[in-house]
Amino acid sequence: MLDYHLHLWPHSQTEAETTVEQVSAYCARAAAAGVTEIAVTEHLFRFTQAKDLLGGFWDDCPGDALRPGMSAYWDHHARVDLDDYVEVVQAVKAEGLPVVLGLEVDFYQGRMDQVARLLADYPFDVLLGSVHWLGAWRFDVLDEPKTLAEWDVRRIDQVWEEYTRAMEELAASGACDVLAHPDLVKIAGRVPAVPDEFYDRITEAAARSGMAAELSSAGWRKPFGEEYPAPPLLARFVDRGVPLTTASDAHALPDVADRVDDLRDLLVRAGVPRLQGYRERRPYPVPVTSAGGVRS
Ligand SMILES: [Zn+2]
Ligand SMILES: [Zn+2]
């Protein structure tokens, strides 16, 4: 099993430092839970290099009311040096611990080429692609009145349409390897009566691009209490042969490898014998049932 989606710092923390001790502790906790390899995948927007490249992208987005919130979010988060992060994770990997270097990358409409050029300068093993925002709207932030209020003014079908289009463009960009929390748009508990078209399109986008999709326990820690992706979307991925990773999306040590046994049960029930790991952005198979760092 894998835990291929891990953050080092909670969102509440602004200044942050990457340390060998913390990455090593993540490895130890994951190994104790039967995870054979982890990927540290901090948000790209944590890093000053991202702010230099992408800061202000929200000025081109519709929605005057939402831009200040996005600007403040970047001010709060984008304070860490990407080179330090890369160096520390690589050092832990060089010690032989079962960790690979990753990053969680947001979709930036029309700018994924620039993002890919920035990231090409670093030795990443795996890049997660995520849609957390539609324009300047951080739709997954449910504790801020302005972002939450948007859910009441927009039609659900329209939100899912926009989200799905962003996922399609993200996949087509080829900038990333794994679609993270593929149906994150359900986060507020608002799901169209018939979401099939959206599930079909997300599956098609993954299959066409050759990306893997993530099976994540993080949804079980949200109010709606369902894994990502929903069962009908997971079934489509499996039918279409989209490779899978498993993930906790932990933002602190206690959630590392969260409910990995439950994720394994879902995979076994779905008839999935192997996951997909990555080294230097090249995939390799990882048996679902193995433990102890076996690579095949
Ligand atoms: Zn995410
Ligand atoms: Zn994440």
Side-chain angles (χ1 to χ4, degrees), residues 2-13 16 18 22-23 26 29-30 35 38-47 50 54 70 73-74 76-78 80 82 85 89 99-108 112 115 119 124-135 137-144 147 159 163-164 166-167 169-171 173 175-188 202 206 211-224 226-230 233 244-260 263 278:
L2 302 169
D3 191 344
Y4 254 40
H5 189 151
L6 292 167
H7 299 276
L8 298 173
W9 315 300
H11 286 285
S12 56
Q13 190 177 337
T18 319
Q22 190 184 9
V23 178
Y26 273 38
R29 188 173 179 96
V35 168
I38 67 169
V40 176
T41 58
E42 198 42 83
H43 292 287
L44 173 60
F45 60 74
R46 275 290 187 178
F47 300 101
L54 299 159
M70 183 65 93
Y73 192 79
W74 275 70
H76 174 88
H77 284 88
V80 185
L82 182 57
Y85 166 82
V89 177
V99 59
V100 298
L101 174 67
L103 204 63
E104 181 175 11
V105 180
D106 281 283
F107 173 61
Y108 299 91
M112 293 313 286
V115 171
L119 301 183
F124 287 111
D125 291 303
V126 61
L127 296 172
L128 309 184
S130 297
V131 175
H132 299 113
W133 314 323
L134 299 174
W137 179 33
R138 293 165 296 136
F139 66 82
D140 66 338
V141 175
L142 303 179
D143 57 0
E144 287 184 24
T147 56
V159 174
Y163 174 85
T164 301
M167 291 285 275
E169 289 181 33
L170 169 64
S173 78
C176 299
D177 307 303
V178 182
L179 287 172
H181 37 61
D183 56 348
L184 179 68
V185 67
K186 72 184 173 188
I187 193 163
I202 292 168
M211 289 178 81
E214 172 185 279
L215 173 62
S216 169
S217 62
W220 286 322
R221 304 194 301 273
K222 303 289 182 192
F224 59 84
E226 180 185 77
E227 69 277 11
Y228 304 106
L233 181 52
L244 298 170
T245 66
T246 43
S248 69
D249 204 350
H251 283 67
L253 185 61
D255 286 331
V256 172
D258 184 38
R259 297 185 65 173
V260 67
L263 294 179
Y278 289 85

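For ligands, and for the atoms within them, numbers begin at 1 and follow the listed sequence.
Residue pairs meeting the salt bridge (charged side-chain N to carboxylate O under 4.0 Å, His left out) criterion with at least one partner in residues 3-13, sequence neighbours excluded, are absent.
Taking the Zn ion (ligand 1) as reference, the nearest N/O/S atom within H132 carries the name NE2.
For the residue pair H251/Q13, the side-chain donor-acceptor check at 3.5 Å is not satisfied.
Scored by the side-chain hydrogen bond (donor to acceptor under 3.5 Å, both in side chains) test, Y278 finds Q276 as partners (sequence neighbours excluded). Listed by chain and residue number, R138, V141, T147 satisfy the side chain to side chain contact (heavy atoms under 4.5 Å, CB included) test with E144 (two or more places apart in sequence, or in another chain).
Between the S217 side chain and the D258 main chain, a donor and an acceptor come within less than 3.5 Å of each other. Under a 3.5 Å cut-off, the side chain of E214 and the backbone N or O of T245 do not form any donor-acceptor pair.
Closer than 2.8 Å to the Zn ion (ligand 2) sit the protein N, O or S atoms H5 NE2, H7 NE2, E104 OE1, D249 OD1.
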